[in-house]
Amino acid sequence: MLCLFPACEIPASGSLKSLTKPYIAEYVCTEARLGEENLLDKYEFIKITLLDAKELEVSFKPKNGDKKAFKGNYSVNGETREFNGEIGIFGVTFKETTKIENGEFTITKNILSQPLVLKFKMK
């Protein structure tokens, strides 16, 4: 994700964040499946927001419930685009490693012997 930039002027609309850590953004869940079940049918939204260079927030809102949000930590290797995140949700710590490519990433886990697949895209 990181590029080598020759000495040049940065346009007024550019920002240091967009040049140095362009992955800091909000990512919306575009696909959520547990086995054959489409979880997005049950949620208004599922999001992961990278708040700064180290902190993330996972938030979701069931269609018939209140919004929930949980904070955690993450790191991104600028050369490999490898994303490592850790968050505690409802007393359980989740750790995940994936790659951010073209503003998208996928999280896969087995939950009670069923595959959970969550696909996210930068908003």
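Rounding to the nearest 0.5 Å gives a distance of 7.0 Å between CG of Leu56 and CG of Asn73. Remark: Glu55 CD to Thr49 OG1 distance equals 11.0 Å, nearest 0.5 Å. Separating the CD1 atom in Ile107 from the CG atom in Leu116 is a distance of 8.5 Å, to the nearest 0.5 Å. Atom CG of Leu51 is separated from atom CD of Glu26 by 10.0 Å, given to the nearest 0.5 angstrom. Note that OG1 of Thr106 and CD of Glu101 are 9.5 Å apart. Values are rounded to the nearest 0.5 Å. How far CD of Glu31 is from CD1 of Ile46: 11.0 Å, rounded to the nearest 0.5 Å.
Two different hydrophobic clusters hold Val117 and Leu39 under the rule that ILVMFWY side chains link at heavy-atom gaps under 4.5 Å. Criterion: ILVMFWY side-chain heavy atoms under 4.5 Å apart, direct or through other members. Under it, Val28 and Tyr74 are not part of a common hydrophobic cluster.
Listed here is the closest heavy atom pair of Gln114 and Leu34: OE1-O, 3.7 Å. The heavy-atom pair separating Asp52 from Lys54 by the smallest distance is OD1-N, 2.9 Å. The two residues Leu118 and Ala32 have their closest heavy-atom pair at CD2-CB, 3.5 Å. Shortest non-hydrogen contact noted between Lys109 and Phe94 is CE-CD2, 4.5 Å. Taking every heavy atom of both residues into account, Phe45 and Ser59 meet most closely at CE1-OG, 3.8 Å. Between Ile87 and Lys71, the shortest heavy-atom contact is CG1-O, 3.5 Å.
No more than 12 heavy-atom neighbours from other residues, nucleotides or ligands sit within 6.0 angstrom of NZ on Lys119. The neighbour count for Ile111 CD1, taken as heavy atoms of other residues, nucleotides or ligands under 6.0 Å away, is above 12. At most 12 non-hydrogen atoms from other residues, nucleotides or ligands lie less than 6.0 angstrom from CG of Asn64. More than 12 heavy atoms of other residues, nucleotides or ligands shown are found within 6.0 angstrom of NZ on Lys63.
Using bins of under 30°, 30° to 60° and over 60° for the plane-to-plane angle, the ring pair Phe105/Phe83 lands in the parallel bin.
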Discussion item. Set out, in order, the CA-CA distance, both residues' side-chain angles and the distance that settles salt bridge (Lys or Arg N to Asp or Glu O under 4.0 Å) for Glu44 and Lys67, then state yes or no.
Written reply: CA-CA 9 Å; Glu44 286 187 30; Lys67 176 186 172 186; over 6 Å; no
Worksheet entry | side chain to side chain contact (heavy atoms under 4.5 Å, CB included) between Arg33 and Asn38, intermediate numbers included | CA-CA 5 Å; Arg33 296 198 168 278; Asn38 181 359; 3.7 Å; yes
